[in-house]
There are 2 protein chains.
Amino acid sequence: MPHIQSRPVHACSQDEGQLSPGGQAILDVAAGLFSEKGYDATSMSAVARSAGVSKANVFHHFRSKRELYLEVIREACRDSSAALRQGRVQGGTVAEQLSSFLSHHLETLLRREQVSRLVVREVMESSPEGGKELAEQVFFEGFTELVEIVREGQASGEFRRDLDPALLAHLIISTNVFFFQSRNVLRHFPFVDFADDPQRFVRMAADLLFHGCLRNPPDEMPGDATGNPALPVISQEKVHD
Amino acid sequence: MPHIQSRPVHACSQDEGQLSPGGQAILDVAAGLFSEKGYDATSMSAVARSAGVSKANVFHHFRSKRELYLEVIREACRDSSAALRQGRVQGGTVAEQLSSFLSHHLETLLRREQVSRLVVREVMESSPEGGKELAEQVFFEGFTELVEIVREGQASGEFRRDLDPALLAHLIISTNVFFFQSRNVLRHFPFVDFADDPQRFVRMAADLLFHGCLRNPPDEMPGDATGNPALPVISQEKVHD
DNA sequence: TAAAGAACTGACCGGTCGGTCAGGCGTATT
DNA sequence: AATACGCCTGACCGACCGGTCAGTTCTTTA
């Protein structure tokens, strides 16, 4: 379990100078195996076999198992970081921007399931020092951007000014990542019907994050039963599929 | 990585008939090692060494590595399930109950860090079938209870009736678990100051879940600058330490 | 076409893995 | 006193691990 240490992921979001097609093929199957079975349970022999090459050849392209693993992580970070940034929408209210981010982020998580699992695992298992590197070199940009969006919302008066923008940003990521993580369990609760409908989930979650769960008006508004109170939820057709 | 299968965790929250002191000692050190280094990276030799017994002795008490691991998981589930239930408060508003739950739940997660990590890992890596068993046999009770609390809040008119109670319950768990998971990364963002103050985090998160992040009144309220709008936040002294 | 170097291979290494086995020791029943 | 059984041990097993190496084939360049 070689979690990030001294000089590892620093190549994140840098081009890394193109490796040979054979090397790339190895990297691809390695990504699949690592994310499916974890680091320890993935043997170099298995990587070689899956790639259709000899084990010695794998070691020709990558100095060690750890280096292969780190390269996989780097690529995963580069990809998901890029995917995250491109989900940005310019126009609309800040709430719409955040909602679009939520949607796009979750869609990316699910579409690139294996790689996502890999990154999430890396976050969870990171030591305090490894966490520092992950924070600085992998997630800083995206998270900062998210915090900035929230700040804009506060500056424009759209959002409450008395809450910590980083907290909201964290809860947004949290919402998606934990949904992604717990889906296989969530799906089996009888009263949960959103586990297999990410778009519905993201819409409802955004609604909750925006409006809260308490009855809206401080003064009561009694005869409203269950009809949806026509909340200005998000446009909801910007969601990809 | 032996995730739950055919007949595994069914002993959760059942007494399991007491094993010999030697066996319990082995189980304890195994719990530590498994949660610290993961399944694959923990060898039976290491377990034996840490427990101060021979490897053959470990296999005398537990038929296989997998069985030892499952026993560790069972115990962890039994413990954390119990810890969760006892966090329940009777009196007060539903919001206060949920707030207390959040606080107690996070405190338990952090206090029993290793075991928590183990369970979370199990959730994340669970296959669709393994997830079913986890859902039914480990988390059903606690999650159902949480959903019930939310439903009470809706029935009494304290909460909006147009939101899915399971969704709110899920977001509550999500908030805590992801905080727990990402702390080592979170701590290193310069604009995050709640990573090492779980109580503050839980208070702010509860506030956000209750009231949302949008400016409260639907009608504008222009000249209000930055002063906190005196929101009826949670009592905030019910939080343990 | 010769040379150089990258891509690739099978055979092999020391070490560790999960698991087994034959047997010693202590104690309680008969 | 014999027996039986739970607890425990060191020695050992085949399989597989990450990694190396000498050598062959392919590709590029001069």
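Numbers restart at 1 for each chain; the letters A, B, ... are given by sequence-line order, proteins then strands.
When the C1' atom of D:dC17 is taken as reference, atom CG of A:Leu68 falls 15 Å away, rounded to whole Å. What separates CZ of B:Phe62 from P of D:dC7 is a distance of 11 Å, to the nearest Å. Put simply, CG on A:Asn57 is 16 Å from C1' on D:dG18, counting in whole angstrom units. Summarising the geometry, the separation between CD on B:Gln24 and P on D:dC7 is reported as 14 Å, rounded to the nearest angstrom. In this structure, OH of B:Tyr39 is placed 13 Å from P of C:dC17, rounded to the nearest angstrom.
For A:Phe189, the ring pair (Phe, Tyr, Trp, His ring centres under 6.0 Å) partners at least two apart in sequence or on another chain are A:Phe191, B:Phe143. The side-chain hydrogen bond (donor to acceptor under 3.5 Å, both in side chains) test applied to A:Glu113 returns A:Arg117, not counting sequence neighbours. In this structure A:Phe34 satisfies the ring pair (Phe, Tyr, Trp, His ring centres under 6.0 Å) test together with A:Tyr39, A:Tyr69, sequence neighbours excluded. Residues that satisfy the side-chain hydrogen bond (donor to acceptor under 3.5 Å, both in side chains) test with B:Ser182, not counting sequence neighbours, are A:His170. Applying the side-chain hydrogen bond (donor to acceptor under 3.5 Å, both in side chains) rule to B:Thr42 yields no partners; only residues at least two apart in sequence or on another chain are considered. Scanning for ring pair (Phe, Tyr, Trp, His ring centres under 6.0 Å) contacts around A:Phe179 gives A:Phe201, with sequence neighbours left out.
Contacts of B:Ser43 with the nucleic acid, taken as non-hydrogen atoms under 4.0 Å apart, involve only primed sugar atoms and P, OP1 or OP2.
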Between the protein and nucleotides 19-22 of chain D, list every N/O to N/O distance that falls short of 3.5 Å.
residue, atom, partner, partner atom, Å
D:dG19, OP2, A:Lys65, N, 2.7
D:dG19, N7, A:Lys55, NZ, 3.2
D:dG19, O6, A:Lys55, NZ, 2.6

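Close to D:dC7, at under 4.0 Å from its OP1 or OP2, lies a side-chain N or O of B:His60.
In this structure, A:Phe139 and A:Val119 have side chains that are in contact, with non-hydrogen atoms separated by less than 4.5 Å.
Using a 4.0 Å cutoff on non-hydrogen atoms, the parts of residues 45-53 of chain B near DNA chain D are B:Val53, ordered by number.
Contacts classified as side chain to side chain donor-acceptor pair (under 3.5 Å) and involving residues 185-198 of chain A (residues at least two apart or in different chains) are given here: A:Asn184-A:Arg187, A:Arg187-A:Asp196, A:Asp193-A:Arg200.
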